[in-house]
Amino acid sequence: MIDSLLQRPPAPLVGVLLGLVVVAAYALINERVGVIGGISDFVERASARRPALGWKAWFVVGVLGGGLAFRLLAGGSSVQHGYGWLTRNIGSDVVVGAVLVVAGGLIGYGSKAAGGCTSGNGLGGCSAGSPASLVATGTFMATAIAASFVIKAVT
């Protein structure tokens with residue numbers, strides 16, 4: 001079992017499972033799937049604007065818990081060389097950590113400004129045919145493609 005955890009599942013299987021999660025969220029609770037709403041639930045609970053954690057917060061707990069369970073069951077890291085280009089070119093774990101924290105903060109801010117994260121807009125919003133989500137997802141993808149070309153040109 002441990003060896004099978006270190007292999008990526010087939011992409012079509014992952015796609016079907018993600019699709020089932022999106023459909024289940026719509027069918028059972030009439031809500032879009034996304035992580036930024038869960039983070040917002042935690043912030044609202046911590047600032048006493050919400051009396052209890054909502055389902056999206058528990059969704060985030062499940063995503064993080066699933067990742068932790070995978071890591072513990074696999075018994076070893078499936079990441080062989082740190083954070084790739086970032087680790088190779090910066091070297092210092094402290095600086096890499098600082099870059100990742102700042103990048104995460106910027107992504108969180110952008111997600112909130114865009115009305116959802118990439119998973120919320122890409123999976124939930126596009127599935128619902130939301131024009132705003134279609135534009136946001138197109139922007140995410142175009143930016144990622146452009147950034148990959150810039151990184152390739154620089155390195």
Side-chain angles (χ1 to χ4, degrees), residues 3-26 31-44 46-47 56-155:
D3 290 337
S4 66
L5 290 175
L6 295 176
Q7 304 299 319
R8 286 185 184 196
L13 174 64
V14 173
V16 167
L17 293 174
L18 283 172
L20 288 174
V21 168
V22 170
V23 169
Y26 276 123
E31 292 277 346
R32 285 179 25 183
V33 173
V35 173
I36 197 67
I39 303 298
S40 296
D41 278 0
F42 280 111
V43 170
E44 289 172 4
S47 64
K56 289 184 179 185
W58 293 110
F59 177 75
V60 171
V61 169
V63 169
L64 295 175
L68 178 61
F70 171 85
R71 176 68 175 88
L72 294 174
L73 289 172
S77 176
S78 58
V79 178
Q80 304 300 323
H81 306 289
Y83 289 98
W85 177 89
L86 193 61
T87 304
R88 285 191 308 275
N89 290 299
I90 294 178
S92 167
D93 288 341
V94 172
V95 176
V96 169
V99 167
L100 292 174
V101 166
V102 169
L106 291 171
I107 289 170
Y109 177 79
S111 295
K112 212 46 184 160
C117 58
T118 54
S119 61
N121 278 304
L123 291 173
C126 288
S127 297
S130 164
S133 289
L134 292 167
V135 170
T137 302
T139 303
F140 300 148
M141 296 302 294
T143 302
I145 292 166
S148 70
F149 282 120
V150 169
I151 290 170
K152 184 170 179 146
V154 170
T155 60

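In what follows, residues are counted from 1 in the order of the sequence shown. Quick note: numbers below take in every heavy atom, side chains included, and nothing from hydrogens, waters or symmetry partners. Since the structure is predicted, the reported quantities are computational estimates derived from the model, not experimental observations.
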Determine yes or no for a side-chain-to-main-chain donor-acceptor pair under 3.5 angstrom, with Tyr26 supplying the side chain and Gly124 the backbone. yes
Is it the case that the side chain of Thr155 and the backbone of Ile151 share a donor-acceptor pair, with hydrogens and angles ignored and the cut-off at 3.5 Å? yes
Compare all side-chain heavy atoms of Thr118 with those of Thr137 and state whether any distance is below 4.5 angstrom. no
CZ of Arg32 to OG of Ser130: how many Å apart, nearest 0.5 Å? 5.5 Å
Which atom pair, heavy atoms only, marks the closest approach of Ser133 to Asn121? OG-OD1, 2.8 Å
Point-to-point distance, once rounded to the nearest 0.5 Å, from CG of Leu64 to CZ of Phe59: 10.0 Å
Using side-chain heavy atoms (C-beta onward) and a distance below 4.5 Å, is Leu106 in contact with Val102? yes
Enter the distance from Ile36:CD1 to Lys56:NZ here, rounded to the nearest 0.5 Å. 10.5 Å
Nearest atoms (heavy-atom pairs only) where Ser127 meets Val22: OG-CG1, 3.8 Å
Shortest non-hydrogen separation from Cys126 to Leu134 and the atoms involved: SG-CD2, 3.5 Å
Within the structure provided, determine whether Val61 and Trp58 are in side-chain contact (heavy-atom separation under 4.5 Å). yes
Counting C-beta onward and ignoring hydrogens, is there a side-chain heavy-atom pair between Val16 and Leu20 closer than 4.5 Å? yes
